[in-house]
Amino acid sequence: MVFDCFGARKKVVISMAHIGALPGSPLYDADGGVQKLIDDVMSDVEKLQAGGVDAIMFGNENDRPYVFKGSPESIAAMTAIVQAIKPSLKVPFGVNYLWDPLSSVAIGAVTGASFVREIFTGLFASDMGLWEPDCAGAARLRANLGRKDMKMLFNINAEFAHSLDQRPIALRAKSAVFSSLADAILVSGPITGQPANQSDLREVCEVIKDVPVFANTGVNIDNVRDILSMAQGVVIGTHFKVDGNTWNAVDGSRVKRFMDVVETLR
């Protein structure tokens, strides 16, 4: 079992529901407004659920260039969007506000999310500048909001960034569980849609036994068999999109084909 919300499943697929650019970001469609954002993500959610995914995670991948601290208008909009979609959900859901741990926890807590994902630990040189997340603040916020049941999924090797902590990735993963109370460890590739180094994933899976390990990027129908032979789950976004393009809408047929393969592995 991965988490209680997944029942007895030992291999889990968390799919991404990418929200369009939120208010305050450069790509925001002010003419369409928040209602268009709701309509678009609802369409994706319907296809993901029809395809049989185990969970859905809402993310603001379209808010490029990314920031380390969420703005009031974007946090409010993302909260409203998740709340609007929530009655239609038949599977557990999570939240990830890029790249702000406190905003992710806040939105997840008030919307009733089962989990949140973020970069919670480490120090990185990134496209956005020096990246120093506040794990302690996020964990304390979760407790203060009365949501200790909400799982925190630690992405330990940030996309668009290089870790300034030169310890081996397996040691950083083990340390995150021991010192920062990670509920799960996620291993990523260098950029959205690109797979994690399988040797990195294997090394992490070999040392992390007390919490689940997920492959966080670049999972597809061709590599999922190898990945799920090591990890307890995957987070998948790009492969489910039309033509495998991160910024396109979800392609329901790709979701169904992928989940048919996963069903043979569990």
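Sequential numbering from 1 along the given sequence is applied to the chain's residues.
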Inset, instruction - Determine whether I14 and L153 make a side-chain contact, defined as any pair of heavy atoms from C-beta on separated by less than 4.5 Å. - result: yes
Legend entry - Summary of ring pair (Phe, Tyr, Trp, His ring centres under 6.0 Å) pairs that have at least one residue in residues 163-186, sequence neighbours excluded: none
Inset, instruction - Tell me whether F120 is reachable from V67 by hopping between hydrophobic residues (I, L, V, M, F, W, Y) whose side-chain heavy atoms are closer than 4.5 Å. - result: yes
Inset, instruction - Apply the test side-chain contact (heavy atoms from CB on, under 4.5 Å) to residues L130 and L123: give CA-CA distance (whole Å), side-chain angles for both, the deciding distance (0.1 Å), then the verdict. - result: CA-CA 7 Å; L130 189 64; L123 179 64; 3.9 Å; yes
Table please: side-chain donor-acceptor pairs of residues 92-102 below 3.5 Å, with sequence neighbours left out.
unit_1, atom_1, unit_2, atom_2, d
N96, OD1, R117, NE, 2.9
N96, OD1, R117, NH2, 3.0
N96, ND2, R117, O, 2.5
N96, ND2, E118, OE2, 2.8
Y97, OH, S74, OG, 2.6
D100, OD1, L102, N, 3.0
D100, OD1, S103, N, 3.2
D100, OD2, G70, N, 2.7
D100, OD2, S103, OG, 2.7

Legend entry - Partner residues of D226 under the side chain to side chain contact (heavy atoms under 4.5 Å, CB included) criterion, sequence neighbours left out: Q198
Inset, instruction - Group every Ile, Leu, Val, Met, Phe, Trp and Tyr by side-chain heavy-atom contacts under 4.5 Å, then state whether V213 and V224 land in the same group. - result: yes
Inset, instruction - Answer yes or no: is there a side-chain heavy-atom contact under 4.5 Å between L22 and E73? - result: no
Legend entry - Heavy atoms from other residues, nucleotides or ligands near CD of Q194 exceed 12 (cutoff 6.0 Å): yes
Inset, instruction - Taking the side chain as every heavy atom from C-beta outward, state whether V110 and Q83 have any pair of such atoms under 4.5 Å apart. - result: no
Inset, instruction - With the side chain counted from C-beta on, respond yes when K174 and I208 share a heavy-atom pair under 4.5 Å apart, and no when they do not. - result: yes
Inset, instruction - Would you please name every residue forming a salt bridge (Lys or Arg N to Asp or Glu O under 4.0 Å) with K36, sequence neighbours left out? - result: D40
Inset, instruction - For F214, check ring-ring contact (aromatic ring centres under 6.0 Å, His included) against everything at least two apart and list the hits. - result: none
Inset, instruction - List the atom of D63, the atom of A21, and the distance in Å for their closest heavy-atom pair. - result: OD1-CA, 3.3 Å
Inset, instruction - Answer yes if I119 and L141 sit in the same cluster of Ile, Leu, Val, Met, Phe, Trp and Tyr residues linked by side chain heavy atoms under 4.5 Å apart, and no otherwise. - result: no
Legend entry - V255 versus G51, closest heavy-atom pair with distance: CG1-CA, 3.7 Å
Inset, instruction - Heavy atoms only: give me the nearest A138-M152 pair and the separation to one decimal. - result: CB-CE, 4.1 Å
Legend entry - Y66 side chain reached by S126 side chain, heavy atoms, under 4.5 Å: no
Inset, instruction - With sequence neighbours excluded, give me every ring pair (Phe, Tyr, Trp, His ring centres under 6.0 Å) pair touching residues 8-31. - result: none
Legend entry - S180 (side chain) donor-acceptor with A182 (main chain) under 3.5 angstrom: no
Legend entry - Which atom of G189 lies closest to which atom of T217, heavy atoms considered: N-OG1, 2.6 Å
Legend entry - Pairwise side-chain contact, L48 with V91, heavy-atom cut-off 4.5 Å (strictly under): no
Inset, instruction - Examine V105 and I19 and state if one hydrophobic cluster contains both, with Ile, Leu, Val, Met, Phe, Trp and Tyr joined whenever side-chain heavy atoms are less than 4.5 Å apart. - result: yes
Inset, instruction - Go through the structure and list residues passing salt bridge (Lys or Arg N to Asp or Glu O under 4.0 Å) with R167, not counting sequence neighbours. - result: D165
Inset, instruction - Could I get the full list of ring-ring contact (aromatic ring centres under 6.0 Å, His included) partners for F6, not counting sequence neighbours? - result: none
Inset, instruction - Might you point out which heavy atoms bring A143 and K148 nearest each other, and give the distance in Å? - result: CB-CE, 3.8 Å
Inset, instruction - Kindly determine whether S253 and R257 satisfy side-chain contact (heavy atoms from CB on, under 4.5 Å), including the steps that lead there. - result: CA-CA 6 Å; S253 62; R257 287 195 300 271; 3.6 Å; yes
Inset, instruction - Would you give the length of the straight line joining atom CG of D54 to atom OG of S15, rounded to the nearest 0.5 angstrom? - result: 8.5 Å
Legend entry - Validation row: N216, N157 side chains within 4.5 angstrom (heavy atoms): no
Inset, instruction - Output yes when a side-chain donor or acceptor of D44 lies under 3.5 Å from a complementary backbone atom of A17, and no otherwise. - result: no
Inset, instruction - Say whether, by atom type as modelled, one donor and one acceptor occur between the side chain of D183 and the main chain of K151 under 3.5 angstrom. - result: no
Inset, instruction - Kindly state each residue pair satisfying ring pair (Phe, Tyr, Trp, His ring centres under 6.0 Å) with at least one member in residues 244-266, sequence neighbours excluded. - result: H239-F258, F240-F258
Inset, instruction - Kindly write out the residues that satisfy salt bridge (Lys or Arg N to Asp or Glu O under 4.0 Å) with E263, not counting sequence neighbours, or none if the list is empty. - result: R266
Legend entry - Minimum heavy-atom distance P195-P190, with the two atoms named: O-CD, 4.1 Å
Legend entry - Check: N220 side chain, N223 main-chain N or O, donor-acceptor pair, under 3.5 Å: yes
Legend entry - Check: K11 side chain, A231 main-chain N or O, donor-acceptor pair, under 3.5 Å: yes
Legend entry - Interatomic spacing from NZ in K256 to CG in D251 - rounded to 0.5 Å: 13.0 Å
Legend entry - Neighbour count above 12 (heavy atom, 6.0 Å) for N144 CG: yes
Inset, instruction - Any salt bridge (charged side-chain N to carboxylate O under 4.0 Å, His left out) involving residues 185-200? Give me the pairs, sequence neighbours left out, ordered by first then second residue. - result: none
Legend entry - S25 side chain near N62 side chain, heavy-atom distance below 4.5 Å: no
Inset, instruction - Check the pair I85, I56 against side-chain contact (heavy atoms from CB on, under 4.5 Å), reporting the backbone distance first and the verdict last. - result: CA-CA 11 Å; I85 301 296; I56 289 173; over 6 Å; no
Inset, instruction - Under the salt bridge (Lys or Arg N to Asp or Glu O under 4.0 Å) rule, collect the residues that match up with D29, sequence neighbours excluded. - result: none
Inset, instruction - Answer yes or no: is there a donor N or O on one side and an acceptor on the other, between the side chain of T79 and the main chain of I75, under 3.5 Å? - result: yes
Inset, instruction - Check for a donor-acceptor pair, side chain of T238 on one end and backbone N or O of G244 on the other, with a separation under 3.5 Å. - result: no
Legend entry - Donor-acceptor contact present, side-chain R172 to main-chain I156, <3.5 Å: yes
Inset, instruction - Start with the C-alpha gap between R9 and V2, add the side-chain angles, then the distance that decides, and say whether side-chain contact (heavy atoms from CB on, under 4.5 Å) holds. - result: CA-CA 7 Å; R9 288 189 183 89; V2 178; 5.8 Å; no
Legend entry - Within 6.0 angstrom of K69 NZ, more than 12 heavy atoms from elsewhere: no
Legend entry - Atom pair CZ (R142) and CZ (R147), whose distance is rounded to the nearest 0.5 Å: 9.5 Å
Inset, instruction - Give a yes or no on whether V219 and L265 share a hydrophobic cluster (residues Ile, Leu, Val, Met, Phe, Trp, Tyr; joining criterion: side-chain heavy atoms under 4.5 Å apart). - result: yes
